[in-house]
Amino acid sequence: MLNLGPIAFAAPWLLLGLVALPLLYWLLKVTPPNPRTISFPAIRLLADLVQREETPNRTPLWILILRILLAALVILALSRPLLNPAATLPGGGPLLLVVDNGWAAARDWPARLAAMDSLIDQADRQGRLVTLLATAPSANGDAPLLAGPMPAGAAKRVAQTLAPVPWPVDRAGAVKALQGFKPDGSPYIVWLSDGVVTAGPTGIADPAAADMVTLLRRLGAMEVRGDGAERPALLIRQPMLDGTGLRVPVERSDTGLPLPVTLRAQGADGRLLGAATATLAAGEGRRELTLDLPTELRNELASLRLEGQDTAGTVLLTDERWRRRPVGLVSGRANGEQPLLSDLYYLERALAPYAELRKGEIGDLLDRSLSVLILADVGSLADVEIARLQAWIDGGGVLLRFAGPRLAQNADALIPVPLRVGGRALGGALSWDNPAGLAPFADDSPFHGLTVPADVTVKRQVLAEPGIDLAPRTWARLADGTPLVTAERRGRGALVLVHTSAGPDWSNLALSGLYVDMLRRVVSLSAGVEGGDAVGVLAPRAILDGYGRLTDPPGTAFPLAAADLAGAVGPRHPPGYYGPAESPRAHNLSPSVPAMTTPDALLAGVPKGLYAGGRETELKPTLLTMALILGLIDLLIALSLRGLLPRLPGLGRGTAAGLVLLLAAGLGVGDARADDARAIEATAQNWLAYVRTGDGSVDSVSKAGLEGLGRVLADRTAVEMAGAMPVDLDNDDLSFFPLIYWPVTEGQTSLSEAARTRLNAYMRQGGMVLIDTRTPSAGDGPGGPGLEALLRGLDIPPLAPVGAEHVLTKAFYLLGDFPGRYSGGELWAEAREDNASNDGVSSILIGSHDWAAAWAMDERGRPLYPVVPGPERQREVAYRVGINMVMYALTGNYKADQVHVPAILERLGQ
């Protein structure tokens, strides 16, 4: 390899071809003579048969320079010049590439592929073999295996087959594979690292990583490439419930630089439900992001994702265990009491809209999956019940107890704080003449942020014994400072005591909205439960690939035992959904990944580089492209000089200006051919058209909506549409399309004269324009002043709302209204339909329902946008509206004639 500063030549011997460039002069100096133009008078026919010697013209100097430059570019390209060439690889043996292709490598996989490609090219230039080792187990469960040694070409093909997988790497398996590596000569080793090793509280906890580094350094010279602190590996840990919000821990592998992160909560249809943003400071490896989601939205939660991070570790799937909160209700009073005097009556009214309520005995309720158990004035519990409740709380349940006469007299040990007994009214309850109000909730209380109404008061209360642990266990106080709600965390669950009754006997709290909000906060502290006991074996339903995308399960994914849902992720059990379609279970990666750190502590003295660092650039493609362009120019010049191309008037043959104009003329011909191709495409099949507005988001909705309507038409009718085609009102021919959908945007200005002319001609010739203002109209007329200004100059007939007898209501389906994404409002059409020139079809329809958004669907046929106000029946009616519009545009008013059929038949029968 020849180095000349920042440029090197991988095949320098080919530069000898530059010496031969002067010889090209003798090959290129002659240009064949121009063809002669001869008139053909018959009397000179014999004279022109005399053969005369012709002297060819000499090649112009500028053409000779052009051709020599072309040859020089080809010679330089074949010599493989490199810009900023990399240094020669040390050693004389093969190149060993150790590639981490586990879940953490997907965040910048193209950069890893580019690094492998560059290193293999370097080895190829030095004539060295290449060996590859991917450290993650393969999809079929095989441990890491060495591939090679092999030539560079074969190594490139193997490298292109590598892809990130959604499970961790197996460095212990990589060590076993390396132990069998017996290179011929001293190898050069490059570890393409994902920047992650597992760590414990005191440092490296993965001995396999240390063994792999030790073995690699023993084999030969080594370097490591990674993403550095700029792009660390990120991981979402299991969320925790905090009031109405979710606390989602986010970890990263490298803490060297500040890093902003954005967490997105998404529904099953990809809809954004909420987001949270935070910045991990330098040195901070873990941060909890809080997502405040109402109960209704949290019930729709399907996944949590980190924005801009496409790995299986930055996606956490949720299932029914995060949505359902079954609540058990037990009362200490008799079952026959009056409803309005029952504590359970007020609890049911407060919780019924937000939770699944169950009644029964304590033992029966605990036999089923339960999130929260509420005991309303239940006194002393049996020892067996206490033991079961303690185990249930440790497993994540929340026990909420309300005070009352029975609890005041017979308190047991299952309370968060000791209670005072004796000497008080109601056997330990404090009674006073003036009811006390509530104090504002403290910042550390789960009720923080709730507004305390001034009219909420407490008449009676069970008092807690003073103690050093009373203050941290108090969630709510009365205005005099005495505890109203105390609680204690036990295991994964909580024990909560409200020191007043669940009904209005001791307080009017149960009659207020604050009562509902406080109960919802307590219920949200619990862990969700499964729709049923997870038993048996769960088949894979949808699997996360290496980039964190849900895909169909591969044949290598095996069913998973329900008891192993929180177990290790691997090739046989990749992360994703398992179980039945109606209630799948989420199997996530993060429980399989211990705490992360970087391998820097293992790599003292090892050269380190970045994937995003400076790379050598091969100039061969650029030089060959330039040579090709010069070759095409030379070809055009030669054809022009031979008279094989049409001459442009007023220009001499062989001039550069003539060539430029000739190329321009050729481009004009290309545009005409493009217009012809568009016309052929538009007429070969049926198309729906939409007006290109210049707003990318609006145009994409129009395209997706019309394509979705076309699919519905093909399924339900004999009409087949090839798709949706955009039209430019100023330039495109509109006559090919039966219907043009025109979404109105705020940025649209008044039409040009050309556009008005085209639209008027289109509507007069039988075309139909559907104008959609996309916002519910609040006025009495179509559109408004803005639409009137936009359509000024168009030949629009008088308009009227579409009535019940209009053909549009029965063109295919029988319709009563015309909803789209929005319902309500009017659809406006021509006031009269007796014009025979247009077959009774209104040339213009105007509405405000955003039909395209209602019709839009993805590749799997799933709707892209919600309908307002809903329900989904509204979308079905919107599809029927679209079908009627297309049928109306294609078939005219033939449906209007059907109403006369009975009268005609009756007359014919007379």
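- With contacts defined as side-chain heavy-atom distances shorter than 4.5 Å, the pair Val701/Arg821 does not qualify.
- Under the 3.5 Å distance criterion, the side-chain polar atoms of Gln874 are matched with a main-chain donor or acceptor of Gly820.
- Proximity of a side-chain donor or acceptor of Trp109 to a complementary backbone N or O of Tyr547 within less than 3.5 Å is not detected.
- At least one donor-acceptor pair under 3.5 Å links the side chain of Arg875 to the backbone N or O of Ala854.
- Across all their heavy atoms, Leu301 and Ala265 have their closest contact at CD1-CB, 3.6 Å.
- A donor-acceptor pair under 3.5 Å links the side-chain atoms of Thr809 to the main chain of Ala804, judged by distance alone.
- A 4.5 Å side-chain heavy-atom check between Trp851 and Met885 finds at least one atom pair inside the cut-off.
- The CG atom of Leu628 sits 4.5 Å away from the CG atom of Leu632 when rounded to the nearest 0.5 Å.
- When all heavy atoms are compared, the tightest approach of Ala106 to Asp310 is CB-O, 3.4 Å.
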Legend entry - Test log, rule salt bridge (Lys or Arg N to Asp or Glu O under 4.0 Å), inputs Glu753 and Arg756: CA-CA 5 Å; Glu753 187 63 30; Arg756 284 195 290 268; 2.9 Å; yes
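- Taking the side chain as every heavy atom from C-beta outward, Lys703 and Tyr690 approach each other to under 4.5 Å.
- In this structure, the separation between CG on Asp269 and OH on Tyr865 is 12.0 Å, given to the nearest 0.5 Å.
- Of the candidates Leu739, Val807, Ile883, Val807 is the only one forming a side chain to side chain contact (heavy atoms under 4.5 Å, CB included) with Tyr888.
- Contact annotation: the side chain of Val261 never approaches that of Thr277 to less than 4.5 Å [non-hydrogen atoms, C-beta and beyond].
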Inset, instruction - Starting from the C-alpha separation in whole Å, work towards a yes-or-no answer on side-chain hydrogen bond (donor to acceptor under 3.5 Å, both in side chains) for Thr693 and Asp695. - result: CA-CA 5 Å; Thr693 64; Asp695 187 328; 5.6 Å; no
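- Taking CG of Leu73 as the reference point, atom CD1 of Ile68 lies at 12.0 Å (rounded to 0.5 Å).
- A 4.5 Å side-chain heavy-atom check between Glu826 and Val802 finds every atom pair outside the cut-off.
- Residues Tyr741 and Asp850 approach most closely at OH-OD1, 4.3 Å, considering heavy atoms.
- The two residues Asn884 and Ala811 make their nearest non-hydrogen contact at O-CB, 3.6 Å.
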Inset, instruction - Take Leu845 and Leu808, measure what side-chain contact (heavy atoms from CB on, under 4.5 Å) needs, and give me the verdict at the end. - result: CA-CA 11 Å; Leu845 299 176; Leu808 264 174; 3.8 Å; yes
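- Heavy atoms from other residues, nucleotides or ligands lying under 6.0 Å from CD of Glu720 number 12 at most.
- Judged by distance alone, the side chain of Arg271 and the main-chain N or O of Pro866 form no donor-acceptor pair under 3.5 Å.
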Legend entry - Full working for side-chain contact (heavy atoms from CB on, under 4.5 Å) between Leu706 and Trp855: CA-CA 7 Å; Leu706 293 183; Trp855 300 333; 3.9 Å; yes
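- Between the side chain of Arg792 and the backbone N or O of Ser750, no donor-acceptor pair lies under 3.5 Å.
- A salt bridge does not link Arg711 with Glu707: none of the charged nitrogens is closer than 4.0 Å to a carboxylate oxygen.
- A donor-acceptor pair under 3.5 Å is formed between the side chain of His849 and the backbone N or O of Gly824.
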Inset, instruction - Assess whether side-chain contact (heavy atoms from CB on, under 4.5 Å) is satisfied between Val719 and Phe812, documenting all intermediate values. - result: CA-CA 12 Å; Val719 178; Phe812 192 83; over 6 Å; no
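- Leu304 CG to Thr314 OG1: the interatomic distance, rounded to the nearest 0.5 Å, is 11.0 Å.
- Summarising the geometry, atom OG belonging to Ser843 is positioned 9.5 Å from atom CZ belonging to Arg764; distances are rounded to the nearest 0.5 Å.
- A donor-acceptor distance shorter than 3.5 angstrom exists from the side chain of Thr891 to the backbone of Met887, with no hydrogens or angles considered.
- Leu759 has its side chain within reach of Trp742: a pair of non-hydrogen atoms, C-beta onward, lies under 4.5 Å apart.
- The backbone N or O of Arg860 sits less than 3.5 Å from a side-chain atom of Asp858, completing a donor-acceptor pair.
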Inset, instruction - Start with the C-alpha gap between Asp730 and Ser752, add the side-chain angles, then the distance that decides, and say whether side-chain hydrogen bond (donor to acceptor under 3.5 Å, both in side chains) holds. - result: CA-CA 7 Å; Asp730 290 321; Ser752 65; 2.3 Å; yes
Inset, instruction - Go through the steps for Ile844 and Leu799 under the test side-chain contact (heavy atoms from CB on, under 4.5 Å), then give the verdict. - result: CA-CA 9 Å; Ile844 187 167; Leu799 302 178; 3.8 Å; yes
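- Considering CE of Met763 and CG of Leu734, their distance stands at 10.0 Å, rounded to 0.5 Å.
- Taking both residues in full, the closest heavy atoms of Ser848 and Thr773 are given as CB-OG1, 2.9 Å, listed atom of the first, atom of the second, then distance.
- Although no hydrogens or angles enter the test, the distance criterion places a donor-acceptor pair under 3.5 Å between the side chain of Arg774 and the main chain of Val744.
- Between Asn686 and Leu890 there is no side-chain heavy-atom pair separated by less than 4.5 Å.
- Note on Glu681 versus Arg678: no salt bridge recorded, every NZ/NE/NH1/NH2 to OD/OE distance being 4.0 Å or above.
- Contact between Val881 and Asp817 at its shortest, heavy atoms only, is CG2-O, 4.0 Å.
- Between Arg67 and Asp634 there is a salt bridge, since a side-chain N of the basic residue sits under 4.0 Å from a carboxylate O of the acidic one.
- Each of Val727, Asp728, Leu729 was compared with Asn731 under the side chain to side chain contact (heavy atoms under 4.5 Å, CB included) criterion, and only Asp728 meets it.
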